[in-house]
S.K.: 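Structure below; questions to follow.
In this chain, residues are counted from 1 in sequence order.
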Amino acid sequence: MIRNGRGAAGGAEQPGPGGRRAVRVWCDGCYDMVHYGHSNQLRQARAMGDYLIVGVHTDAKEKGHLLPTTASEAPKPSGAEHLLVRRNLCLCLRPSQGREPPSWPALEERYKMVQAIKWVDEVVPAAPYVTTLETLDKYNCDFCVHGNDITLTVDGRDTYEEVKQAGRYRECKRTQGVSTTDLVGRMLLVTKAHHSSQEMSSEYREYADSFGKPPHPIPAGDILSSEGCSQCPGGRNPWTGVSQFLQTSQKIIQFASGKEPQPGETVIYVAGAFDLFHIGHVDFLEKVHRLAERPYIIAGLHFDQEVNHYKGKNYPIMNLHERTLSVLACRYVSEVVIGAPYAVTAELLSHFKVDLVCHGKTEIIPDRDGSDPYQEPKRRGIFRQIDSGSNLTTDLIVQRIITNRLEYEARNQKKEAKELAFLEAARQQAAQPLGERDGDF
């Protein structure tokens with residue numbers, strides 16, 4: 001077990017309000033790549049109790065339900081084919097012939113990503129894929145929480161069936177506007193439609209409308225018709241399709257700490273895109289957090305247009321509002337500047353009473369006028385470069401997705417067909433007279 005505090009890592013479980021026994025909550029998942037949708041689920045789960053335990057699945061536990069999850073855990077069949085096929089943001093990795101597959105995300109990295117979410121109190125490695133009463137009892141959890149989407153075993157059964165029947169299951173709302181398909185689609189297409197106010201390009205619109213649909217008709221019985229599920233317009237899975245995120249002030253309030261710097265705290269400023277918030281970002285922020293006994297870290301997030309100016313292509317993959325929630329969910333960050341200036345100016349340093357400015361080992365791109373964006377903190381002697389120790393970058397993630405586009409599309413089609421079949425079976429079961437139901441999908 002890996003225990004977290006409510007701030008930095010480390011800390012003991014606290015009793016509930018009024019000295020009562022703390023309500024312990026269980027969540028689980030694969031967490032191949034953590035995004036703000038996962039963070040929001042864990043935030044909701046933590047609000048239902050006092051102590052949140054998150055189980056992270058491994059290949060050993062998922063064998064028989066899913067294909068290999070990471071290159072480091074999976075067996076190496078002929079051709080070293082590795083396919084990530086978990087709900088939420090999953091990636092396909094198929095290296096070229098003769099090359100060892102890249103190990104991403106490694107199991108320890110997945111643990112660390114979940115640990116970094118500020119609502120998580122404890123992480124359980126190698127959690128079972130099917131959630132049972134035995135698991136809840138083992139960790140002294142009152143109930144488990146999952147989103148209002150479905151997770152199935154290889155034979156099409158609900159992985160939470162046992163705990164649901166025992167009344168030890170709670171449901172939280174799935175975060176609207178973030179989906180595997182949409183995020184991967186942004187990486188695959190050279191378009192800026194996802195982070196600009198311009199009209200969506202015809203290519204991206206076609207992709208958004210068709211991604212996950214089979215390229216050829218599938219025989220009857222293999223997938224449902226459009227009439228098969230009232231929840232799925234056009235026969236599409238409501239959890240697999242493309243969606244658009246709409247930011248609200250309430251969502252920001254839910255994610256923000258609402259705490260201002262206190263006397264004796266060291267205010268540390270960092271800035272960047274923090275796109276597709278990943279383990280490299282977490283490692284950097286953790287090291288920055290260790291620079292002071294009582295750190296107060298402010299993360300400045302650049303505007304989408306600014307990020308696109310210095311990164312080019314279709315960056316950022318996630319727009320400013322999405323990146324804001326991703327960074328706010330990190331336990332090492334105290335505050336976020338939404339739309340920070342590219343240059344760290346004297347006015348910014350004075351406004352936030354900054355004691356220290358940090359930047360990673362990535363190249364510092366000059367400002368539009370050719371000047372060093374960190375010249376002012378350097379002049380004051382408060383600038384430090386921090387080596388995160390991680391070589392993972394947003395560019396590397398995107399490149400792996402682009403390289404394995406066909407494998408991902410095939411996986412998405414198969415997953416969608418299975419989920420639609422489950423929904424149709426549930427609909428038919430509900431439509432049967434009570435005496436004819438067998439209780440089994």
S.K.: Which heavy-atom pair separates Asp142 from Arg168 by the least distance, and what is that distance?
M.R.: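 Minimum heavy-atom separation between Asp142 and Arg168: O-NE, 3.2 Å.
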S.K.: Walk me through whether Trp26 and Tyr139 qualify under ring-ring contact (aromatic ring centres under 6.0 Å, His included).
M.R.: CA-CA 8 Å; Trp26 173 272; Tyr139 296 101; 5.4 Å; yes
S.K.: Under a 4.0 Å N-O cut-off, is there an ion pair linking Asp50 with Arg21?
M.R.: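 Judged by the 4.0 Å cut-off on N to carboxylate O distance, Asp50 and Arg21 do not form a salt bridge.
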S.K.: Is there a side-chain contact between Leu136 and Cys144, using heavy atoms and a 4.5 Å cut-off?
M.R.: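 They are in contact (side-chain heavy atoms under 4.5 Å apart), so the answer is yes.
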S.K.: Indicate whether the side chain of Asp158 and that of Tyr169 have a donor and an acceptor atom separated by less than 3.5 Å.
M.R.: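 There is no such pair (donor and acceptor under 3.5 Å, judged by atom type) between the side chains of Asp158 and Tyr169.
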S.K.: Under the 3.5 angstrom rule, does the side chain of Glu171 hit a backbone N or O of Asn148 as a donor-acceptor pair?
M.R.: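 No; zero donor-acceptor contacts below 3.5 Å.
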S.K.: For Gln41 and Arg174, does a side-chain donor sit closer than 3.5 Å to a side-chain acceptor?
M.R.: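 On atom types as modelled, these side chains do not qualify, holding no pair under 3.5 Å.
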S.K.: Search all heavy atoms of Cys141 against all heavy atoms of Ile53 and return the closest pair with its distance.
M.R.: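 Cys141 and Ile53 have their closest heavy atoms at SG-CD1, 3.8 Å.
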S.K.: Looking only at heavy atoms, what is the nearest atom pair of Arg323 and His302, with distance?
M.R.: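 Looks like NH2-O, 2.9 Å.
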S.K.: Does a donor on one side chain and an acceptor on the other come within less than 3.5 Å for Asn40 and Thr175?
M.R.: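 Thr175 and Asn40 do have a side-chain donor-acceptor pair below 3.5 Å.
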S.K.: What's the shortest heavy-atom distance between Leu320 and Asp304, and which atoms?
M.R.: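 The pair with the smallest heavy-atom distance is N-OD1, 2.8 Å.
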S.K.: Mind checking whether Phe284 and Phe274 have parallel, tilted or perpendicular rings, split at 30° and 60°?
M.R.: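 Plane angle between 30° and 60°, so tilted.
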S.K.: Using a 4.5 Å cut-off on heavy atoms from C-beta on, say whether the side chain of Val288 contacts that of Arg384.
M.R.: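 A side-chain contact under 4.5 Å is absent here.
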